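Quantities reported herein were computed from a predicted structural model and do not represent experimental measurements.
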Amino acid sequence: MLTPDKVKVSIIANDSMKSQKAQIRLKQLLADKEIKIDEKEPDIVISIGGDGTLLSAFHRYSHLLSKVRFLGIHTGHLGFYTDWRDYELEELVASLLADEGESVSYPLLDVYIEHKEAEKSQHFLALNECTIRRVNKTMVADVFIKEDFFERFRGDGLSVATPTGSTAYNKSMGGAIIHPRINALQLTEIASLNNRVYRTLGSPLVIASNEWISMKLDEADDYLLSVDQLSIPQSSVKELTFSVANERIKFTSYRHTHFWRRVKDAFIEESTEE
């Protein structure tokens, strides 16, 4: 069991009135127990809002993934990354005082971007997915698995998702839902062209952790790249490489809903919450 002076917490809340009220109340409860708030080097990052808020918290602290764990409080509908409700703050603080450092970890997506300019490149980590699209014309990309050419894609775009991200945009495009204990990536097509002239596989691909995906893009100035909820305009992108990241995101484990229970709650059972 940790003493209050050993626990450092950061809080990230969205702008809704409900989330802001929960943040004020949580800060008071933490102060009462002498639990320190440290935004630079926290042990636990608490997000208040929904999955989008937790994604923002993840990107803010992605440089500290080896040290930090995450905990989500939802103030709206049920989410995949939020295990607590805003009316359970006293219980949450008690769990922080009983914390022994245990965690559940999920795989992440490593995204490497090469530009036409040889000296320019970018690197990102994604918790859910990365998508690449063209705005005005059909996107053309040669897709490689490891070093081997797989197909020439033509269509609106391509998405690469993590197992936890498989429940998000990937699912809406007909992708499979993958349990986060499976260390893999999923490649899903966005409105591909399939006719007598142009052919793609036309179904999602699940890529093992010791493999990677590369996309070599036709030269164009209207690509749109997104990493989770972040939109990154790309006018000179030449090639994208995706792999399972060495880093993983860790969540506190003293309350962590079973993955398939989350899936059932989100997509099958009718919610009784207002």
Side-chain angles (χ1 to χ4, degrees), residues 62 65 105-118 120-134 137-220 222-228 230 232 234 236-249 259:
S62 61
L65 292 178
S105 68
Y106 290 167
L108 300 171
L109 174 64
D110 188 286
V111 183
Y112 183 77
I113 307 165
E114 294 183 47
H115 295 263
K116 288 184 292 184
E117 301 86 353
K120 185 180 179 183
S121 64
Q122 292 175 290
H123 175 254
F124 297 94
L125 292 174
L127 178 54
N128 272 1
E129 77 277 309
C130 176
T131 63
I132 180 74
R133 298 169 172 268
R134 277 198 70 185
K137 294 184 179 180
T138 298
M139 188 178 104
V140 180
D142 287 335
V143 179
F144 293 78
I145 300 176
K146 299 180 75 171
E147 294 89 358
D148 299 324
F149 174 74
F150 184 74
E151 68 179 9
R152 169 158 280 203
F153 171 84
R154 290 178 174 85
D156 285 358
L158 290 162
S159 173
V160 181
T162 66
T164 45
S166 69
T167 60
Y169 186 41
N170 169 80
K171 180 181 179 297
S172 71
M173 296 183 293
I177 293 179
I178 299 176
H179 195 284
R181 281 202 301 267
I182 299 173
N183 232 20
L185 304 177
Q186 186 168 183
L187 172 65
T188 308
E189 300 175 354
I190 305 172
S192 60
L193 294 178
N194 278 288
N195 51 42
R196 290 183 299 172
V197 180
Y198 303 125
R199 299 297 302 169
T200 65
L201 183 64
S203 65
L205 288 174
V206 178
I207 308 297
S209 60
N210 63 344
E211 299 182 333
W212 59 92
I213 302 165
S214 295
M215 302 175 189
K216 295 184 179 179
L217 306 174
D218 274 10
E219 186 171 333
D222 61 345
Y223 287 113
L224 290 179
L225 180 67
S226 64
V227 177
D228 291 334
L230 308 175
I232 307 166
Q234 297 292 325
S236 62
V237 62
K238 179 178 70 174
E239 184 173 348
L240 298 165
T241 302
F242 305 93
S243 59
V244 176
N246 293 325
E247 302 90 341
R248 294 173 69 89
I249 185 172
F259 180 74

Quiz: residues 240-249 side-chain donor-acceptor pairs under 3.5 angstrom, not counting sequence neighbours:
from: Arg248; atom 1: NE; to: Ser105; atom 2: OG; distance (Å): 2.9
from: Arg248; atom 1: NH1; to: Asn183; atom 2: OD1; distance (Å): 3.0
from: Arg248; atom 1: NH2; to: Ser105; atom 2: O; distance (Å): 3.0
from: Arg248; atom 1: NH2; to: Ser105; atom 2: OG; distance (Å): 3.3

Practice item. Under the side chain to side chain contact (heavy atoms under 4.5 Å, CB included) rule, what do Val160 and Met215 come out as? Steps first, then yes or no, please. Key: CA-CA 11 Å; Val160 181; Met215 302 175 189; 3.7 Å; yes

For the atom pair [atom1] ([X]) and [atom2] ([Y]), what is the distance rounded to the nearest 0.5 Å?
| X | Y | atom1 | atom2 | result |
| --- | --- | --- | --- | --- |
| Ile132 | Asp156 | CD1 | CG | 12.5 Å |
| Met139 | Asp222 | CE | CG | 11.0 Å |
| Lys116 | Lys238 | NZ | NZ | 10.5 Å |
| Arg152 | Leu193 | CZ | CG | 13.0 Å |
| Phe153 | Ser192 | CZ | OG | 5.5 Å |

Could you tell me which non-hydrogen atom of [X] sits nearest to which non-hydrogen atom of [Y], and how far apart they are?
| X | Y | answer |
| --- | --- | --- |
| Arg154 | Thr200 | N-CG2, 4.2 Å |
| Pro180 | Thr164 | CB-CG2, 3.9 Å |
| Ile182 | Pro163 | O-CG, 3.1 Å |
| Leu158 | Val143 | CD1-CG2, 4.0 Å |
| Glu129 | Leu109 | C-CD2, 4.2 Å |
| Val206 | Ala184 | CG1-CB, 3.9 Å |

Any donor-acceptor N/O pair, [X] side chain to [Y] backbone, under 3.5 Å:
| X | Y | answer |
| --- | --- | --- |
| Gln186 | Ser166 | no |
| Asp228 | Leu127 | yes |
| Asn170 | Ala176 | yes |

Point to revise | Heavy-atom side-chain proximity of Leu187 to Ile145 below 4.5 angstrom | key: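 Of all side-chain heavy-atom pairs linking Ile145 with Leu187, none is under 4.5 Å.
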
Check your understanding: Is the closest side-chain heavy-atom distance between Asp142 and Phe149 below 4.5 Å?
Key ->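 The answer is yes; the side chains approach within 4.5 Å.
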
Exercise for review: Output all residues satisfying ring-ring contact (aromatic ring centres under 6.0 Å, His included) with Phe259, sequence neighbours left out; order by chain, then residue number.
Suggested key: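 His179.
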
Review point. Gln122 and His115: side chain to side chain contact (heavy atoms under 4.5 Å, CB included), yes or no, with the steps?
Key: CA-CA 8 Å; Gln122 292 175 290; His115 295 263; 3.1 Å; yes

Check your understanding: After noting the C-alpha distance and the side-chain angles of Ser159 and Thr188, does the key distance pass the side chain to side chain donor-acceptor pair (under 3.5 Å) rule?
Key -> CA-CA 5 Å; Ser159 173; Thr188 308; 5.5 Å; no

Practice item. Any pair with a residue in residues 187-216 that passes ring-ring contact (aromatic ring centres under 6.0 Å, His included), sequence neighbours left out, goes on the list, sorted by first then second residue, please. Key: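 Passing the test, one end in residues 187-216: no pairs.
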
Exercise for review: Could you walk me through whether Ile232 and Phe124 pass the side chain to side chain contact (heavy atoms under 4.5 Å, CB included) test, one step at a time?
Suggested key: CA-CA 11 Å; Ile232 307 166; Phe124 297 94; 3.5 Å; yes

Review point. Got a sec: does the CZ of Arg181 have more than 12 other heavy atoms crowding it under 6.0 Å?
Key: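 Result for CZ/Arg181: open.
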
